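The shown structure was predicted, so the numbers you read here are calculated from the model rather than taken from an experiment.
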Amino acid sequence: MRTRPRRLVVAAVALLAATAGLPATAAERQDRNDGHARQDLHEQLSHGGLSADVRYTEYGIPHIVAKDYKSLGFGTGWAQAADQVCTLADGFVTVRGERSRFFGPDATTDFSLSSATKNLSSDLYFRGVRQTRTVDKLLAEPAPRGPSRQVKDLMRGFAAGYNAWLKQNRVTDPACRGAAWVRPVTPLDVAARFYAIAVLGGQGGAVDDITNAQPPTTGSAATAPGTGTGPNAEAVIRAVRARTAEAGMGSNAVAFRGDTTATGRGLLLGNPHYPWHGGRRFWQAQQTIPGELDVAGAALLGSPTISIGYNSHVAWSHTVSTGVPFNLHRLTLDPADPTVYVVDGEPERMKKRTVTVAVKGGAPVTRTQWWTRYGPVVASTDGELPLPWTATTAYALNDPNAANMRFADTSLGFSKARGTADVLASLARHQGLPWVNTIAADSSGHSLYTQSQVLPRITDDVAARCATDLGKVTYPAAGLAVLDGSRGDCALGRDTDAVQPGIFGPAHMPTLKDAPYAENSNDSAWLANADRPLTGYERIFGNIGTQRSLRTRGAIEDVAALAERGGLTVRDLQRQQFANRVPAADLTAADTATACAALPGGTATASDGKTVDVAEACSVLAGWDRTMDTGSRGALLFDRFWRKLTAKVPAGQRWKVPFSAADPVRTPNTLNTAAPGFAAALADTVAELRATGIALDSRLGEHQFVLRNGQRMRVPGGTEGLGVWNKIEPVWNPAGGGYTEVTTGSSYIQAVGWDGSRCPVARTLLTYSQSSNPNSPHFSDQTRLFSGEKWVTARFCEKDILSSPTLKIVHVRER
């Protein structure tokens, strides 16, 4: 590694300054000149072999320039390792199935790459994937079913860059300094991490149930025909819904059409809600291959491609979708052998997958998994999917993303897109997004929402024709199809436009083009635009005509009003991000304050039977500004009250005006303050805050903060139940002062537009900062910005990158 002084780029700066005011056609020519300048710089610094130039600007954001895809992967792997070596290394231990070897079998994972509750089950699953060469086989598939040459080169380069950083640098992060598990990786390790992300919604969300599933013991009562306990439909429905609720991921995104903006060009605000810690963090960068690729944004850790981002022509973001990316097949078993199932009257033996895992301080552990033509058998009484394995019945999980190694190519297609039409074209060609929607806008003024994702090809007709008794309940309620696996005519078939069998092709995807606004906040596609509702899609994609979340309702109110007002700019997007409006409060705060003031004697009875003086709370709530700004007085009081109220009062009793599909944004409404539990929730809240010494009228930021290297940083925003756009999920620690950490929430935020020049107008913010290393200068610098609701002015064009006052150019290469 060598750092070069800024004099190397003076000539390039002068060239760019001289052409800054060129018209569009000349600007396009200048784009090529910029590319030549970047290439010239790269060639000046190159010494052969894999190499790249990493130009760091403010907040440690790298702008990586390379001559080809393998070299770009090299620079990306190197730069990611510099910021996140411990988190990356931990993830590579996971996908190798070696957590038990280094950390012990009973320790927990960080849940970033699967739902496994302990290292042993994680290892049994991922060692099985490695042992069966699942990822190798997917890599060998020809494109577009398998990855392109470009993506393979990116993966090879990423592994080489990560390894080069390890070889050339000393690890300073105390999380893994000197650790034996920080080792070089292979391109297969990089690909296996992509695979883990792809199956998170399917096999990855049922790892414990896959690795613990065992046939009933011969001769036991459970094996006798008809004596086994059947599945509890309500428990399965709760489990499916909980998988979504506990995924640690959500998001808001909105695209505005050109006729709503000040410039006639599109605008995009992306606000993904992802974990703040562990292996599912974003990492910010710009990637450039002169004349071939120029894109900025954020990559999921371990990915050599930009996951959410923008270029000179288009910007995109993702939101976690409501589509259920897996289904179940009920197996009819041979009464004489519970590892044999019957299809069309013919017996078929399950495949026995025996996996051995090395264990720290103990003997290796060997366990068996059971696989079928549909996928792995899943069985558990209280796991991710509470399903029994009896003498007559078992359940197999079908996850079409287990054959999906196309995520990276889909993202790469976005990175090179020149408009929303190209975004759709990449989705149609690669069909690689496993569990997200896409929202996009472009410089020509187009807007786009599409739920183009990999889903089992289960139409409502197939679900009705082939559903088991369990499926007849779970499919309409939760979108989970449970099909009769004993019938060959219930096979999922193939759409002619689908890249792999058993999934929906692009023609089935709910898509909204060129609406004044296109918005999603993790509800179904139905109300991407409330004036142009999407209908007609299959239930597995999501529901229609049902109650929306408070976050969706608040978001639609906000963005619809913005679109109607018109004349929008990037600054309006920035204001929307940090408005911190509380839709729950707009609906209920006034009624709550009024009902509170009407309580006899200003008191209420708490859940423990004690009488609590709540009079002060009434006046605080009445004066609250109904935001989750850090300076807001009353925000913390309402937050704690709302959590307790929604826990005590069922949704059906909470509102006087019920939900109406004819008015889905404004209903339900009018809080039922007479509901049993209302007064107790208020009393419990006041008692809780007083017991911990927190004043009822304290400012939110005094008790909602994170600690970074001993410094308090106030955190704006609010929890899911409040409906706040700027969502954060904090950890309540009253002994520590209130909410003292954030588990998930606003992560990589981008507000992007275009003004007719060749440079996009972009403001970004990585809420938890670039590095997990507390010794890094970029451990918390953007977190401090987030605390103050400030943004980073993006540097995309060469003139902006090279004029950065903190510019540092690093040439990285193999040695």
| task | Check for a donor-acceptor pair, side chain of Y537 on one end and backbone N or O of N543 on the other, with a separation under 3.5 Å. | result | yes
| query | D523 and S549: side-chain donor and acceptor closer than 3.5 Å? | reply | yes
| Side chains of H273 and S747 in contact at under 4.5 Å (non-hydrogen atoms) | no
| message | Let me confirm one number: the OG-CG distance from S115 to L200, rounded to the nearest 0.5 Å. | response | 8.5 Å
| request: First locate atom CG of D209, then atom CG of L397, and finally report the distance between them rounded to the nearest 0.5 Å. | output: 9.0 Å
| query | Is the backbone of G542 close enough, under 3.5 Å, to the side chain of Q451 for a donor and an acceptor to pair up by distance? | reply | no
| Heavy-atom check, side chain of L470 versus side chain of R330, under 4.5 Å | no
| request: Evaluate the side chain to side chain contact (heavy atoms under 4.5 Å, CB included) criterion for residues V343 and Y374: first the C-alpha distance (whole Å), next the side-chain angles of each, then the deciding distance (0.1 Å), finally the verdict. | output: CA-CA 11 Å; V343 181; Y374 305 113; 4.0 Å; yes
| message | The test is side chain to side chain contact (heavy atoms under 4.5 Å, CB included); show your working for V93 and F102 and say whether it passes. | response | CA-CA 8 Å; V93 171; F102 290 105; 4.2 Å; yes
| said: For C86 versus W181, what's the shortest heavy-atom pair and its separation? | reply: O-CZ3, 3.8 Å
| field | W389 side chain reached by V377 side chain, heavy atoms, under 4.5 Å | value | yes
| request: Apply side chain to side chain donor-acceptor pair (under 3.5 Å) to the pair E538 and T459, showing each step before the final yes or no. | output: CA-CA 6 Å; E538 311 294 344; T459 64; 5.0 Å; no
| request: Measure the spacing between CD of E720 and OG of S521 and express it to the nearest 0.5 Å. | output: 8.5 Å
| Do the side chain of Q80 and the main chain of S303 share a donor and acceptor less than 3.5 angstrom apart? | yes
| remark: Rounding to 0.5 Å, atoms CD (E141) and CG (L139) come to a distance of 10.0 Å
| query | Just checking, any donor-acceptor pair under 3.5 angstrom between side chains of E729 and T744? | reply | no
| said: Could you check whether any side-chain N or O of T109 sits under 3.5 Å from a backbone N or O of A116, counting only pairs where one atom can act as donor and the other as acceptor? | reply: yes
Which side-chain N or O atoms in residues 498-509 pair as donor and acceptor under 3.5 Å with protein atoms at least two apart or in another chain?
residue : atom : partner : partner atom : Å
Q500    : OE1  : R406    : NH1          : 2.9
Q500    : OE1  : R406    : NH2          : 3.0
Q500    : NE2  : P400    : O            : 3.1
H508    : ND1  : D495    : OD2          : 3.1

| query | Any donor and acceptor pair, going by atom type alone, linking the side chain of T322 with main-chain N or O of F541 inside 3.5 Å? | reply | yes
| request: Keeping the roles fixed (side chain from R457, backbone from L492), state whether a donor-acceptor pair exists under 3.5 Å. | output: yes
| Counting heavy atoms not belonging to K152, are there more than 12 under 6.0 Å from its NZ? | yes
| message | Please check this pair: side chain of T474 against backbone of L480, looking for a donor-acceptor N/O pair closer than 3.5 Å. | response | yes
| query | What are the two closest non-hydrogen atoms of A391 and L333, and how far apart are they? | reply | O-CB, 3.6 Å
| query | Of the non-hydrogen atoms in Y195 and T134, which two are nearest, and what is the gap between them? | reply | OH-CG2, 3.7 Å
| said: Quick check on side chain to side chain contact (heavy atoms under 4.5 Å, CB included): which of L534, T511, L433 does T450 satisfy it with? | reply: T511
| request: Would you check if L412 and Q150 make a side-chain contact, meaning some heavy-atom pair closer than 4.5 Å? | output: yes
| message | For the residue pair H318 / T438, report whether a side-chain donor-acceptor contact shorter than 3.5 Å exists. | response | yes
| query | Do we get R193 above F92's six-membered ring, with its NZ or CZ under 6.0 Å from the centre and within 45° of the axis? | reply | yes
| message | Walk me through whether V135 and L188 qualify under side chain to side chain contact (heavy atoms under 4.5 Å, CB included). | response | CA-CA 8 Å; V135 177; L188 182 61; 3.7 Å; yes
Please tabulate, one pair per line, all N/O donor-acceptor pairs under 3.5 Å involving side-chain atoms of residues 361-369, not counting sequence neighbours.
residue : atom : partner : partner atom : Å
T366    : OG1  : T356    : OG1          : 2.8
Q369    : OE1  : W371    : NE1          : 3.3
Q369    : NE2  : L124    : O            : 2.8

| message | Using every non-hydrogen atom in the two residues, find where V324 and P456 come nearest and quote the distance to one decimal. | response | O-CD, 3.6 Å
| request: Give a yes or no answer on whether the side chain of E348 reaches the backbone of V342 with a donor-acceptor pair at less than 3.5 Å. | output: no
| request: Give the minimum heavy-atom separation between Y274 and S251, together with the two atoms involved. | output: CE1-OG, 4.0 Å
| said: Is the shortest side-chain heavy-atom distance between S380 and N212 below 4.5 Å? | reply: no
| message | Could you go through R349 and D337, starting from their C-alpha distance and side-chain angles, then the distance that decides it, and tell me whether this counts as salt bridge (charged side-chain N to carboxylate O under 4.0 Å, His left out)? | response | CA-CA 9 Å; R349 183 165 295 280; D337 187 343; 3.0 Å; yes
| Which is it for W370 and K352 under the side chain to side chain contact (heavy atoms under 4.5 Å, CB included) test, yes or no, and what are the steps along the way? | CA-CA 5 Å; W370 300 89; K352 189 176 181 180; 3.9 Å; yes
| message | Less than 4.5 Å apart, side chain to side chain, heavy atoms only: is that true for H329 and N398? | response | yes
| Looking only at heavy atoms, what is the nearest atom pair of A463 and I458, with distance? | CB-CG2, 4.1 Å
| Does R539 use its side chain to pair, donor to acceptor, with the backbone of P476 at less than 3.5 Å? | yes
| query | Have D110 and S112 got a donor and an acceptor in their side chains that come within less than 3.5 Å? | reply | yes
| Under 3.5 Å side-chain donor-acceptor pair for S524 and R548 | yes
| In Å, rounded to the nearest 0.5 Å, how long is the span from CZ of F414 to OG of S426? | 5.0 Å
| message | Between T319 and N520, do the side chains contain a donor N or O and an acceptor N or O under 3.5 Å apart? | response | yes
| Carboxylate-amine/guanidinium contact R99 D90, below 4.0 Å | yes
| request: Determine, for D189 against R130, whether the closest basic-nitrogen to carboxylate-oxygen distance falls under 4.0 angstrom. | output: yes
| task | Please determine, by modelled atom types, if Y449 and N437 share a side-chain donor-acceptor pair under 3.5 angstrom. | result | yes
| Salt bridge K360-E98, side-chain N to carboxylate O under 4.0 Å | no
| field | Modelled atom types, side-chain donor and acceptor of N119 and S100, under 3.5 Å | value | no
| Should the pair D489-R465 be classified as a salt bridge under the 4.0 Å nitrogen-to-oxygen rule? | yes
| Just by modelled atom types, is the V454 backbone N or O under 3.5 Å from a matching donor or acceptor in the W435 side chain? | no
| Does the side chain of T94 reach to within under 4.5 Å of the side chain of F126, using non-hydrogen atoms? | yes
| query | Stepwise, does the side chain to side chain donor-acceptor pair (under 3.5 Å) test hold for S148 with D409? | reply | CA-CA 7 Å; S148 66; D409 272 298; 2.5 Å; yes
| message | I need the Y125 OH to I210 CD1 distance, nearest 0.5 Å. | response | 5.5 Å
| field | Any L483 side-chain heavy atom under 4.5 Å of V462 side chain | value | yes
